[in-house]
Amino acid sequence: MKPTIVDAYRLMHDGALALARVEEAGICVDVARLDETIRDVGERIEGLESEQKSDEVWSAWRRRFGAKANMGSRDQLTKVVYDELGHKPEGTTRLGKRAKADVESLSKIDLPFVRRFLEVEKLKKLRSTYLMGVLREVVNGLLHPSFNLHLVRTYRSSSDSPNFQNIPIRDEEVGAMIRRCFVPRPGHVLVEIDYKALEFRVCACHWRDEAMVRYASDPALDIHRDMAKELYLLDGRCSKDEMKRARFHAKNSFVFATLYGSYWRNTSRSLWKNAVRLTAGGEPMQSWLEEQGIEGLGDQNSRKGSRPGTYGHHVESVERRFGERFPAWRDRKERWLELYRKRGWFKTMTGFVCSGVYSRNDLYNYPIQGPAFHCLLWSLIRLVRWLGKSGMRSRIVGQIHDSILADVHRDELADYVAEARRTMTEDIRSAWPWIITPLEVEVEVAEDNWFGKKVYELN
DNA sequence: CACTGGAGCCAC
DNA sequence: AAACGTGGCTCCAGTG
């Protein structure tokens with residue numbers, strides 16, 4: 001009943017065979033459009049770089065570095081902007097070798113030259129990693145990325161040549177330029193099906209905390225929204241859009257961070273930083289929090305702990321209530337650590353035995369991250385087999401941790417969606433009774449290209 | 001010339 | 001004490 005290590009092996013074996021079929025099928029690429037996009041982006045880069053060359057900052061740069069001046073060097077940029085022009089650095093890189101020169105630090109410098117630098121770097125990343133990276137690997141209009149099962153410590157998958165699992169989507173402009181190059185085959189549509197909140201659901205299944213299972217099961221409940229309300233002291237006053245943005249930060253900076261071992265000193269810092277970009281009832285979030293009696297972030301490094309009236313203190317109390325909300329999680333994670341420390345290994349719900357040296361946070365993360373992907377893999381194996389034996393023209397062409405991308409013949413669309421939905425949400429629960437929450441999927445269909453995917457209503 | 005580590009950025 | 005996690009790719013700057 002409970003998956004054994006033999007089942008785990010079988011999953012990897014069948015998974016490798018299924019993914020080989022996925023790689024073989026390939027994703028259709030509009031090469032003409034890709035070429036055109038590479039040209040356009042190249043021209044934009046050239047234009048911006050010629051503006052840079054007539055900027056006085058570039059003159060200072062040339063004075064300092066002479067023939068070695070390299071416009072793409074962040075190392076040189078920090079020396080010009082911080083040493084020569086006297087701007088204040090935001091801190092140093094991890095190993096303290098030089099001042100930080102990432103987007104977050106540099107965007108605080110109010111100079112046209114620096115703004116253009118960031119724009120150029122963004123476009124260069126798009127051109128070299130994504131546009132050129134895809135073009136280099138296309139064969140006869142098809143892209144065949146590798147999907148690996150043997151490289152990741154958590155028994156997740158990875159992808160390379162090119163990496164199909166990190167194609168931009170968050171930056172809409174960049175996402176559009178690359179994703180418009182991925183197209184369905186003639187007479188087909190692209191169908192992307194992803195699990196909704198898979199990692200949180202698997203988390204609830206692993207810890208078997210009653211309240212967590214309830215949150216993961218009842219569609220009316222939403223842990224990220226509830227934590228956003230507590231973390232930012234929100235009530236009825238904020239708009240839907242404001243709530244959505246606050247929820248996003250609560251989810252990523254608090255809920256997942258806390259479940260995976262972070263705590264208030266770090267989560268409060270990150271939440272406070274994100275608050276700069278939030279509003280509550282039209283008011284800047286930080287001033288809203290000040291009105292609620294929170295004077296500032298507070299000293300995160302104080303050995304004495306958080307000081308009342310600071311945001312750090314507030315997040316510490318939210319964290320404590322988070323533990324009270326999920327008491328079984330709070331207690332079982334301690335026992336989970338003790339058990340590992342005693343015997344040197346742990347087992348995932350999908351049957352994998354992890355033996356070796358793991359940090360505390362690894363112990364919290366691996367048993368969730370791996371099995372969440374295993375749900376996807378189990379479903380993918382079934383679907384690849386089903387497509388093969390039904391003699392269908394549709395093909396699965398990619399996989400991104402909790403989602404499956406397929407190139408589906410129009411005539412097979414309804415069948416494919418029905419089969420995928422049932423496999424991913426029902427069949428898997430019969431095979432794996434450890435899944436004690438419902439599973440849900442979202443289906444999106446793209447008629448023209450991957451960027452244009454639209455939610456497809458399930459009946 | 002080949003190789004490497006660091007920094008940074010893209011995704012889940 | 002420590003301080004969410006997993007990857008891949010590119011460029012720079014340094015090494016031998």
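Computation of the quantities below employed the complete heavy-atom set of this structure, encompassing side-chain atoms and omitting hydrogens, waters and symmetry-equivalent molecules. Here is how names work: the chains are called A, B, and so on, in the same order as the sequence lines, proteins then strands, and each is numbered from 1.
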As a test of reading the structure: which of [options] is closest to the side chain of [X], going by heavy atoms?
X      : options                : value
A:V103 : B:dC12, C:dA13, B:dC9  : B:dC9
A:R170 : C:dA13, B:dC12, B:dA11 : B:dA11
A:Q76  : C:dC4, C:dA13, B:dC12  : C:dA13
A:D362 : C:dT6, C:dT10, C:dC4   : C:dT6
A:A101 : B:dG8, C:dT10, C:dG7   : B:dG8
A:Y260 : B:dC9, C:dC4, B:dC12   : C:dC4
A:D102 : B:dA11, C:dC11, B:dG8  : B:dG8

Check whether the side chains of A:E316 and A:Y311 place a donor and an acceptor atom closer than 3.5 Å, and report yes or no. no
Side chains of A:S158 and A:Q165 only: does a donor on one sit below 3.5 Å from an acceptor on the other? no
Could you tell me whether [X] and [Y] have their ring centroids closer than 6.0 angstrom?
X      : Y      : value
A:H206 : A:Y364 : no
A:Y358 : A:F346 : yes
A:W58  : A:F117 : no
A:F352 : A:Y366 : no

Classify the nucleic acid contact of [X] as base, sugar-phosphate or nothing, counting any heavy atom under 4.0 Å across all strands shown.
X      : answer
A:V174 : nothing
A:S159 : sugar-phosphate
A:I368 : nothing
A:K124 : nothing
A:S161 : sugar-phosphate
A:A372 : nothing
A:D160 : sugar-phosphate
A:L151 : sugar-phosphate
A:R136 : sugar-phosphate

What is the distance, to the nearest angstrom, from the [atom1] atom on [X] to the [atom2] atom on [N]?
X      : N      : atom1 : atom2 : answer
A:L95  : C:dA13 : CG    : P     : 17 Å
A:E137 : C:dC9  : CD    : P     : 9 Å
A:F254 : C:dA3  : CZ    : C1'   : 15 Å
A:K97  : C:dC11 : NZ    : C1'   : 16 Å
A:L118 : B:dC10 : CG    : P     : 11 Å
A:E119 : B:dC9  : CD    : P     : 14 Å
A:Y130 : B:dA11 : OH    : P     : 6 Å
A:F164 : C:dG8  : CZ    : C1'   : 14 Å

With a 4.0 Å cutoff (strictly under), does any side-chain N or O of [X] reach OP1 or OP2 of [N]?
X      : N      : result
A:N163 : B:dA11 : no
A:S158 : C:dG7  : no
A:R360 : C:dG5  : no
A:N70  : C:dC12 : yes
A:T93  : B:dA7  : yes
A:Y366 : C:dG5  : no
A:R98  : C:dG14 : no
A:R265 : C:dA1  : no

Suppose we call a contact any N or O donor and acceptor under 3.5 Å apart; does that hold for the side chain of [X] and the base of [N]?
X      : N      : answer
A:Q165 : C:dG7  : no
A:R156 : B:dC12 : yes
A:K125 : B:dC10 : no

Taking everything shown except A:R245 itself, do over 12 heavy atoms lie less than 6.0 Å from its CZ? no
Does the structure show A:Y263 stacking with C:dA3, if we require the centres to be closer than 5.5 Å and the planes to be within less than 30 degrees of parallel? yes
Under 3.5 Å, side chain of A:W336 to main-chain N/O of A:L363, donor-acceptor pair present? yes
